[in-house]
Amino acid sequence: MKKTTLPAGDKISLLAPEGEFKYFSLGENTANDLAVDFIAENISDNASEKEIIRNILLEMPTDERVINYRREVYSELKENEELCEMLYRIFDSLRFYFNDKPAHIGETSTILEFLNRLRALEGYISSILQIRDVISDREFRSEGMRRFAAHVRDIYTNSGFDELEKDISVVGDDIHNIKSMTIGVNFDHSFYPKETGIISFNKFYFTRQGVLKRFIRSRRESLNDKDLQFFEMEMHNDGFDWMDQKYRGIPSPTNRPTDSLLMNNLNTIMERMLPSMTQKLKKVLNKYVDVSGRNLVTLADEFLFYMRFIGLEKKLAELGMPCCVGEMSENDSFLRDFYNVKLAICRLNGMVDEDIVCNDIEFTNDRTVHILTGPNRGGKTILTQGVGLVFLMEQTGVFVPASSARIRPCDGIYTHFPVDEEKTVSLGRLGEEADRFNSICRTAGRDSLLLFNESFATTSHTESLYIAEDVLKYLCCIGARTVFNTHMHELAENADQISSVEGAVCKADSVVMDSSNGERSYKISYKKPDGKSYAHDIAYKYGITFEQLSEKLKK
């Protein structure tokens, strides 16, 4: 568990109010078992978006105030989807001006750094004005959006914004009127550049041949030099291809002035020949040295996060899947018509043809440790993973994949799923599983959510049963909400005995994935397991029951 503090006044967030709150960092195994990467990737347009969404999902808030804060923001933005998209585009444009740009201008700064800083402030001014116009006639309900609107209004009215706008406009007009410059180069007898100077600054752009062709034609007539050849402009990449880089994956050079001898020399020449312009820039920019849009840039990530989950909810609703806003519960947790959102995404992508089956599940004192049994490929793993994703999405503040959900927040999600074979070399499969469970026990408690998938099944049945019974008894003693899916039906049959262990504060219960005649229903029931019926279903499906085989003898 870690604490993150949001400083008051200088930063606004749509993910948390001001103050100190607790977050749980999902471990690598848990993130993998819950398919966090898969979900982030499938609701993102590119790799950078995926990383943003993934990082937010991995830091799960556990404070109810943060969860409610996010939930209210999400619900309000869902009702104003177009507004969410507009604000995201505005804040995303700020990245170009402030990411990897110097925040402060010093004595050693180059004129190009002055110009970058000027452009950053121009972008900042433009963004604030756009945001002001977009939200000017809106009244927000959620605390997060009200704070956001107040923050923007405060920037515009109480922080010298109008003076900044005027100063940057004046100095910007001087700079932006310069579209090109003409350079003269003197050669020595070996045609080595000996002297370089700026002949003029121009209010027009050079094209590859247009202006230069007219320039050379006039010089040809005056010089009477019939051998003078036309030439094309050598276009320097100036870094404005960021749209191609971001959306089309086109690589780009680093584009720093020092990466090009030409640009490095031009920078020196410009500074020497434009002392008045440089001083004017320095004076104005130093006046606003503390103005930064970096804090606002982070809002692009937050709007993106909400926007992508709003889009996912919309697609799931069109598919006919229930989605809801979760409710807080002080004790018990109830999920109605819940489903695995990863499986639903697979259905959206055409990776799954079958309809998604919804289930009801509850976590009460009498049903805290769920021992889940059922046939092979009956949906046990999907359901176990789905429970974890419901808790994650509820506490992250977005929609819950269910028709209704009342949930007591958990202080951490721990998964115990099979791992790759190469990770078990040193300890062996069973030793690795035991060591991993021991690590979970060090931090998991009553408020945790534990998910087991065919755990402790890598040794003999008798030994597996012995270990699993002890684990389940311990879970009843700490009262942790648990889904323990297993093929060991004896565990579910002995749920009452496991619940009666000395020191137990809650009970274990048997949950069964139903099946009939080999057909999986993917529906769960609270009842005792029937191991023989599972075997009979499998045998019936493949035509090897005694009755089916006997029919062959009659032919």
Side-chain angles (χ1 to χ4, degrees), residues 4-19 21 49 52 56 65-66 68-99 101 103-104 117-170 172 284-285 287-310 397-398:
T4 300
T5 302
L6 183 66
D10 65 341
K11 187 175 181 181
I12 180 72
S13 174
L14 297 176
L15 295 179
E18 293 179 0
F21 303 102
E49 286 190 9
I52 290 167
I56 295 176
R65 189 180 170 201
V66 177
N68 283 325
Y69 183 91
R70 292 188 183 188
R71 181 188 296 150
E72 291 172 2
V73 171
Y74 178 85
S75 296
E76 187 157 30
L77 290 177
K78 186 176 73 169
E79 295 172 5
N80 299 274
E81 190 174 354
E82 185 179 353
L83 170 67
C84 183
E85 292 177 357
M86 284 192 295
L87 291 173
Y88 166 68
R89 287 196 296 269
I90 294 170
F91 284 112
D92 190 48
S93 67
L94 274 174
R95 294 185 203 274
F96 177 69
Y97 297 111
F98 284 96
N99 284 357
K101 302 291 192 303
H104 300 287
R117 176 62 176 163
L118 174 66
R119 293 185 62 208
L121 290 175
E122 288 177 326
Y124 173 80
I125 292 167
S126 174
S127 297
I128 294 298
L129 293 175
Q130 289 180 67
I131 297 165
R132 179 204 61 181
D133 293 341
V134 167
I135 68 174
S136 60
D137 58 346
R138 296 178 183 268
E139 292 292 332
F140 296 108
R141 299 189 313 273
S142 65
E143 179 186 355
M145 289 302 294
R146 288 200 308 270
R147 290 182 63 234
F148 164 72
H151 186 73
V152 173
R153 284 195 295 269
D154 185 64
I155 290 174
Y156 182 74
T157 59
N158 300 321
S159 61
F161 182 83
D162 55 342
E163 187 177 356
L164 166 66
E165 185 180 7
K166 291 175 184 176
D167 285 347
I168 295 301
S169 176
V170 171
V284 172
L285 297 181
K287 183 177 178 182
Y288 301 103
V289 68
D290 293 327
V291 175
S292 175
R294 291 177 187 272
N295 289 336
L296 292 177
V297 167
T298 62
L299 287 173
D301 297 347
E302 298 175 3
F303 277 114
L304 171 71
F305 176 76
Y306 288 124
M307 185 172 68
R308 293 298 180 232
F309 273 101
I310 289 169
V398 296

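Residue numbers count from 1 along this sequence.
By the side-chain hydrogen bond (donor to acceptor under 3.5 Å, both in side chains) test, R70 pairs with no residue at all, sequence neighbours left out. Legend: residues meeting side-chain contact (heavy atoms from CB on, under 4.5 Å) with D133, ordered by chain and number and at least two apart, are absent. For S142, the side-chain hydrogen bond (donor to acceptor under 3.5 Å, both in side chains) partners are E76, not counting sequence neighbours.
Annotation: side chain of L299 is not in contact with side chain of H151 (no heavy-atom distance under 4.5 Å). Looking only at side-chain heavy atoms (C-beta outward), L15 and Y69 stay at 4.5 Å or farther from each other. Contact of the I125 side chain with the F161 side chain is registered, since non-hydrogen atoms from C-beta on lie closer than 4.5 Å. Within the 4.5 Å cutoff, no side-chain heavy atoms of Q130 are placed close to those of R89. Side chains of F305 and Y74 form no contact here, defined as non-hydrogen atoms less than 4.5 Å apart. Looking at heavy atoms from C-beta onward, M145 lies out of side-chain contact with N80 at the 4.5 angstrom threshold.
Annotation: F148 is in aromatic contact with F303 [ring centroid separation under 6.0 Å].
Residue V73 comes nearest to G144 through the heavy atom pair CG2-CA, 3.8 Å, listed as atom of the first residue, atom of the second, then distance. Residues M307 and C84 share a closest heavy-atom pair of CB-SG, 3.8 Å. Heavy atoms only, all atoms of each residue included: V134 and D137 are closest at O-OD1, 4.2 Å. What you find for L14 and Y306 is that their closest heavy atoms are O-OH, 2.7 Å. Here the closest non-hydrogen pair linking L77 and I310 is C-CD1, 3.7 Å. Heavy atoms only, all atoms of each residue included: L83 and I135 are closest at CD1-CG2, 4.5 Å.
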Report task. Dump the intermediate steps for side-chain contact (heavy atoms from CB on, under 4.5 Å) on F91 and T298, then the final yes or no. Result -> CA-CA 8 Å; F91 284 112; T298 62; over 6 Å; no

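For S75 (side chain) and E72 (main-chain N/O), no donor-acceptor pair under 3.5 Å exists by modelled atom type.
To the nearest 0.5 Å, the span separating CD1 on I155 from CD1 on I128 amounts to 4.0 Å. Atom CG of L164 is separated from atom CD of E122 by 10.0 Å, given to the nearest 0.5 angstrom. Distance CG/D301 to CD1/I52: 4.0 Å, rounded to 0.5 Å. The line from CD of E49 to CG of D92 is 8.0 Å long, rounded to the nearest 0.5 Å. E139 contributes atom CD, which lies 10.0 Å from atom CZ of R146 (distance to the nearest 0.5 angstrom).
A donor atom on one side chain and an acceptor atom on the other are found under 3.5 Å apart for R71 and N68.
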